[in-house]
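Quick notes on the structure that follows.
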Amino acid sequence: MPELPEVETVARQLRPCLVERTVLRFRIHDPRLRNGKTPSVAGKSIVRVTRSGKRVLIEFASANRTAKPLWLAVHLRMTGRLTWAAESARIDRSHLRASFRLDRGSLLFIDTRRFGTFDWYRSRERAAPSGTDPLSDEFTRRKLAELTGGARQNVKAWLLRQDRLVGLGNIYVSEILHAARISPFRIAASLDRAELARLHGWIRRILERAIDNCGTTFSDFQDARGLEGSYQQFLAVYSREGQACPRCAEPILREVQQQRSTFHCVGCQK
DNA sequence: ACCCTCCTGTCA
DNA sequence: TGACAGGAGGGT
């Protein structure tokens, strides 16, 4: 479920809870958790919590700073949640897969479908994704034109590629293409200058607006406080098959592309 | 481009 | 009961 805005929301909320706290104990509650080799993390303190593509990146340092730092990348996939549980908080622990006990509370990883992953790294570079972050300064119109140049895929599939742009998923791609008035079936490399400019602008605007709303809760998403996002009230097309397009009133269509639902409007997406 | 897999839950 | 779900990786 979580795409860039949801992951950014979680990282921002966890930061004040986790930074400068010491890990007292790390436990894996589910032996089937997709976890890399587990280094010893007890006794280390958390120095940074950031977002890297769709992953939450947690940096640990040893208390005396002699040992090498350590990075954990958590990918939430479809139903993963990272929840901060203060000492007194009562939290439903069903589907609890892993937990970090800290000074004054716990970080819980809860994941019904078990698709979520933990990956541990010894350097930040290795934890970094290959694609461009659409919220970074690097993501300019020119960069988008460069990246799409020569891409023979349809633009829906292309936007989902994490090796080009990171962070977009099924919901926001439908929303962005609708806002930019571009059909999801267009070949990425065929977009002209004006279309690329609209696409670039709406990628930024929609992601930022979604972050301002703590993401979208379509069914499962909860942020680090256990609360739902509120961007779903702004969804123009996603999951709105048959309803009137808010721009031109044509009925919204649902079609399957690459085995995934795409929602779009033939009235205004060309 | 298509297919399938991982896994669990919910809804028509 | 079957279709479908914010992801991603594999195969042909």
Side-chain angles (χ1 to χ4, degrees), chain A residues 1-11 28-36 51-56 73-83 92-98 109-119 127 129-131 134 151-178 184-189 203 206-207 209-211 213-224 227-243 253-263:
Chain A
M1 38 121 278
E3 305 180 32
L4 186 152
E6 291 75 34
V7 180
E8 179 68 28
T9 296
V10 170
I28 292 178
H29 301 265
D30 172 21
R32 292 160 71 191
L33 171 68
R34 299 213 269 157
N35 181 33
R51 178 186 57 77
S52 174
K54 289 182 189 173
R55 306 192 299 179
V56 175
V74 179
H75 199 310
L76 305 171
R77 294 293 183 99
M78 296 288 269
T79 55
R81 282 179 200 166
L82 285 169
T83 299
D92 178 7
R93 296 200 164 215
S94 48
H95 308 300
L96 178 65
R97 309 302 181 197
F109 180 63
I110 295 167
D111 184 15
T112 45
R113 291 176 73 179
R114 303 184 215 251
F115 289 164
T117 57
F118 277 27
D119 288 289
S130 55
R152 306 302 312 157
Q153 285 175 296
N154 66 58
V155 64
K156 157 80 187 292
W158 189 85
L159 288 170
L160 289 175
R161 290 183 60 171
Q162 304 298 301
D163 62 335
R164 293 296 186 267
L165 283 186
V166 290
L168 299 181
N170 217 33
I171 292 182
Y172 294 110
V173 165
S174 278
E175 294 299 309
I176 287 163
L177 288 172
H178 177 263
F185 295 96
R186 290 283 302 282
I187 298 300
I203 289 172
I206 286 183
L207 293 177
R209 195 170 180 203
I211 291 169
N213 283 275
C214 294
T216 299
T217 297
F218 175 64
S219 62
D220 297 297
F221 176 66
Q222 289 184 0
D223 65 22
L227 301 180
E228 300 192 337
S230 56
Y231 190 79
Q232 58 276 16
Q233 65 183 301
F234 300 110
L235 296 178
V237 290
Y238 186 82
S239 193
R240 300 176 63 87
E241 182 181 18
Q243 298 183 43
L253 300 184
R254 170 184 175 271
E255 291 187 72
V256 176
Q257 284 181 288
Q258 285 80 38
Q259 284 71 241
R260 314 205 52 201
S261 292
T262 299
F263 296 89

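Within every chain, numbering begins at 1; the chains are lettered A, B, ... in the order of the sequence lines, protein sequences first and strands thereafter.
The side chain of A:His75 sits closest to C:dA8 out of C:dA8, B:dG9, B:dC7. Of the candidate nucleotides B:dC2, C:dC4, B:dC7, B:dC7 has the atom lying nearest to any side-chain atom of A:Phe115. The listed nucleotides are B:dC2, C:dA5, C:dG7; the one nearest the side chain of A:Ser261 is C:dA5. The listed nucleotides are B:dA1, B:dC7, C:dC4; the one nearest the side chain of A:Arg113 is B:dC7. Distances were taken from every side-chain heavy atom of A:Arg34 (C-beta onward) to each of B:dC3, C:dC4, C:dG7; the shortest belongs to C:dG7.
For the pair A:Leu4 CG and C:dG7 P, the computed distance is 12 Å after rounding to whole Å. In this structure, A:Asp220 atom CG and B:dG9 atom P are separated by 11 Å, rounded to whole Å. Rounded to an integer number of Å, the gap from A:Arg77 CZ to C:dA5 C1' is 15 Å. When rounded to the nearest whole Å, the span between CG of A:Asn170 and C1' of C:dA8 equals 12 Å. Regarding A:Arg152, its CZ atom lies at a distance of 11 Å from the P atom of B:dA1, rounded to whole Å. A straight line from CD of A:Glu241 to P of C:dC4 spans 10 Å, rounded to a whole angstrom. Following rounding to the nearest Å, A:Arg55 (CZ) and C:dA8 (C1') show an atom-to-atom distance of 12 Å. In this structure, the CG atom of A:Asp30 is 9 Å from the P atom of B:dT8, given to the nearest Å.
A:Tyr238 comes within contact range of the sugar-phosphate backbone alone, with a heavy-atom separation under 4.0 Å but no base atom that close. Looking at heavy-atom distances under 4.0 Å, A:Thr112 makes contact with sugar-phosphate atoms alone, never a base. Heavy atoms of A:Gln259 sit under 4.0 angstrom from at least one base atom.
For B:dC7, its base never sits under 3.5 Å from the side chain of A:Arg114 at any donor and acceptor pair. Residue side chain A:Arg260 does not reach the base of C:dA5 through any donor-acceptor N/O pair under 3.5 Å, judged by distance alone.
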Residue pair A:Phe185, A:Glu255: steps toward the side-chain contact (heavy atoms from CB on, under 4.5 Å) verdict: CA-CA 10 Å; A:Phe185 295 96; A:Glu255 291 187 72; 3.7 Å; yes
Steps toward ring pair (Phe, Tyr, Trp, His ring centres under 6.0 Å) verdict (A:Phe118, A:Phe109): CA-CA 10 Å; A:Phe118 277 27; A:Phe109 180 63; 5.0 Å; yes
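Contact annotation: A:Arg32 reaches the phosphate of B:dC7 (side-chain N/O to OP1 or OP2, under 4.0 Å). Distances shown here put a side-chain N or O of A:His95 below 4.0 Å from the OP1 or OP2 atom of B:dG9.
Side-chain contact annotation: A:Thr79 with A:Asp111, donor-acceptor N/O pair under 3.5 Å present. Side chains of A:Thr262 and A:Ser174: a donor-acceptor N/O pair is absent below 3.5 angstrom, by distance only.
Shown here, B:dC7 forms no base pair; nothing in the strands shown gives a Watson-Crick or G-U wobble contact with both key distances under 3.5 Å.
A cation-pi arrangement is found for A:Arg209 relative to A:Phe234, the charged atom lying closer than 6.0 Å to the ring centre and inside a 45° cone about the ring normal.
Comparing the C1' positions of B:dA1 and C:dA5 gives an interatomic distance of 23 Å, to the nearest angstrom.
Between A:Tyr172 and A:Tyr231, the ring planes lie tilted relative to each other; the angle falls in the 30° to 60° range.
A residue-by-residue look at A:Lys54 and A:Phe263 shows that A:Phe263 has its nearest nucleotide of DNA chain C further toward the 5' end.
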